[in-house]
2 protein chains.
Amino acid sequence: MAYPQLLLSNQLCFRFYALERELMAAYRPLLTHLGLTYSQYITMLYLWEHEEGTVGELCTALSLDTGTMSPLLKRLETSGMIERHRLPSDERTVMVQLTEKGRELEQKAVSVPDHIASCLLSDDKSEQGRRYQVLKEMLDETLSQLKKSRNEREQGRQ
Amino acid sequence: MAYPQLLLSNQLCFRFYALERELMAAYRPLLTHLGLTYSQYITMLYLWEHEEGTVGELCTALSLDTGTMSPLLKRLETSGMIERHRLPSDERTVMVQLTEKGRELEQKAVSVPDHIASCLLSDDKSEQGRRYQVLKEMLDETLSQLKKSRNEREQGRQ
DNA sequence: CCTAATTAAGTTGGATACAATATAACTGAA
DNA sequence: TTCAGTTATATTGTATCCAACTTAATTAGG
């Protein structure tokens, strides 16, 4: 091969790409049991934490586009987990709120993180907690660096 | 909040999810310039490395389903990057090969990894290489652990 | 030799993602 | 006051993803 930087096995990014899908595969059976997809699940995580939020706040918190969020919320509403109401003070803004059914789902979701953790951690549990923490920090750093690069890129285009 | 394990900010998985999409956003303008999406790009990476491969080999190498791969290859064929031929020795198997146009695209792709690296690394370049290596290893470990868990899960179901 | 099981790709259907566009509501400057 | 610009959300179009199913070809057991 003429270009070692083009080898799949050398690529950090392919690891992220593959890992993300493998993670989703780990979540899928657990979340299917709750009647959720992963993006619906993190939307519910936000709502369990904040009780309510506008579409814009959800988009910002989950780094998702309205083109993803709007139909997703429509499906969550159809399945009875949330309600949507336009604010009387500003009819453009849509407030998303948990229904009783949506609130109750939290109980069934409590075991999900532990189950996922057991898929992520090796049988040898020693040192795992610390590695977990180090990995978290590296991901945060990488993510903020990527966002910084994107901002600079988008500034440059204007 | 009653359940700290359900806080978005505590979740390792949400970091992976967000990071993967931020990475794709970094690739998008570069790859659009080549007329590729990310999954088409890694398909080309495989082919630049191996010159050819069956649909099954590509699915295995990229951890993708035929339901993703078949239409993707159809689009790469339409855009003139690859050709597909069924093997005379086994008419079920489809061999994917680079066209001349597909081969030539490699030259234009050479700069992509460096560009992405510059988005990933902070301005302070000291120690970055080592951290990069540590991160790679942690991702590999995590990925193989996830695959192991999935195998055990699928074994258990049979 | 023949059919049942297996294998390799392709297709279909549902749900993301995101760019680009549309729509409706709000804001502000002349 | 009015309308040009902005803002918040929704919609449309293209491309993934994956589960489930289909089709065609090969293999293997009787």
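We use all heavy atoms of the structure for the numbers below, so side chains are in, but hydrogens, waters and symmetry mates are not. In what follows, every chain begins at residue 1, and chains take the letters A, B, ... in the order their sequences are listed.
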- Do you know which of B/Glu52, B/Arg84, B/Glu83 makes side-chain hydrogen bond (donor to acceptor under 3.5 Å, both in side chains) with B/Gln97? B/Glu52

- Message: Quick check on A/His33: does its NE2 atom have over 12 non-hydrogen neighbours (other residues, nucleotides or ligands) under 6.0 Å away?
- Response: no

- Message: Tell me if the NZ atom of B/Lys136 is crowded by more than 12 foreign heavy atoms within 6.0 Å.
- Response: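 Yes, because the 6.0 Å sphere around NZ of B/Lys136 holds more than 12 heavy atoms from other groups.
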
- Minimum side-chain heavy-atom gap A/Val94-A/Thr54 below 4.5 Å: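 They are not in side-chain contact.
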
Take atom [atom1] of [X] and atom [atom2] of [N], then tell me their distance rounded to the nearest Å.
{"X": "A/Asp65", "N": "C/dA20", "atom1": "CG", "atom2": "C1'", "answer": "10 Å"}
{"X": "A/Leu58", "N": "D/dA8", "atom1": "CG", "atom2": "P", "answer": "14 Å"}
{"X": "A/Glu57", "N": "D/dA8", "atom1": "CD", "atom2": "P", "answer": "10 Å"}
{"X": "B/Leu73", "N": "C/dT11", "atom1": "CG", "atom2": "C1'", "answer": "14 Å"}
{"X": "A/Leu64", "N": "C/dT16", "atom1": "CG", "atom2": "C1'", "answer": "9 Å"}
{"X": "A/Arg75", "N": "C/dA17", "atom1": "CZ", "atom2": "C1'", "answer": "11 Å"}
{"X": "B/Met69", "N": "D/dA15", "atom1": "CE", "atom2": "P", "answer": "16 Å"}
{"X": "A/Ile42", "N": "C/dA17", "atom1": "CD1", "atom2": "P", "answer": "7 Å"}

- Message: Is there a side-chain contact between A/Lys74 and the phosphate of D/dT11, meaning an N or O under 4.0 Å from OP1 or OP2?
- Response: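 Looking at the OP1 and OP2 atoms of D/dT11, one of them is under 4.0 Å from a side-chain N or O of A/Lys74.
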
- Message: Please tell me if A/Ser70 has a side-chain N or O lying less than 4.0 Å from either OP1 or OP2 of D/dA10.
- Response: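 It does, given that an N or O in the side chain of A/Ser70 lies less than 4.0 Å from OP1 or OP2 of D/dA10.
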
- Task: Start with the C-alpha distance between B/Phe16 and A/Leu19, add both sets of side-chain angles, then the distance that settles side-chain contact (heavy atoms from CB on, under 4.5 Å), and finish with yes or no.
- Result: CA-CA 8 Å; B/Phe16 278 118; A/Leu19 210 157; 4.0 Å; yes

State plainly whether the residues [X] and [Y] are in salt-bridge range, i.e. N to O under 4.0 Å.
{"X": "B/Glu100", "Y": "B/Arg103", "result": "yes"}
{"X": "A/Lys147", "Y": "B/Glu22", "result": "no"}
{"X": "A/Arg21", "Y": "B/Glu20", "result": "no"}

- Message: I need the A/Cys13 SG to B/Tyr38 OH distance, nearest 0.5 Å.
- Response: 5.5 Å

Need one value for [X]: base, sugar-phosphate or nothing, where a base atom within 4.0 Å counts as base even if backbone is also close, heavy atoms only.
{"X": "B/Ser39", "value": "sugar-phosphate"}
{"X": "A/Gly56", "value": "sugar-phosphate"}
{"X": "A/Thr37", "value": "sugar-phosphate"}

- Looking only at non-hydrogen atoms, find the nearest pair between B/Leu121 and A/Gln145 and report the distance. O-NE2, 3.2 Å

- Message: For A/Glu49 versus B/Leu8, what's the shortest heavy-atom pair and its separation?
- Response: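 Closest approach of A/Glu49 to B/Leu8, heavy atoms only: OE1-N, 3.7 Å.
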
- Message: Let me spell it out: for each of A/Glu22 and A/Pro71, pick the nucleotide of DNA chain D with the closest heavy atom. Which residue's pick is nearer the 5' end?
- Response: A/Pro71

- Within residues 27-36 of chain A, find the residues that approach DNA chain C with a heavy atom at under 4.0 Å, and present them sorted by residue number. none

- Query: Which parts of residues 76-97 of chain B get close to DNA chain C, meaning a heavy atom less than 4.0 angstrom away?
  - Reply: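 Output list: B/Arg84, B/Arg86, B/Arg92, B/Thr93, B/Val94.
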
- Message: Would the distance check show the side chain of A/Ser70 and the main-chain N or O of A/Gly67 forming a donor-acceptor pair, the cut-off being under 3.5 Å?
- Response: no

- Please work out which residues in residues 10-20 of chain B have a non-hydrogen atom less than 4.0 Å from an atom of DNA chain D and list them by number.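 Here the set is empty: none.
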
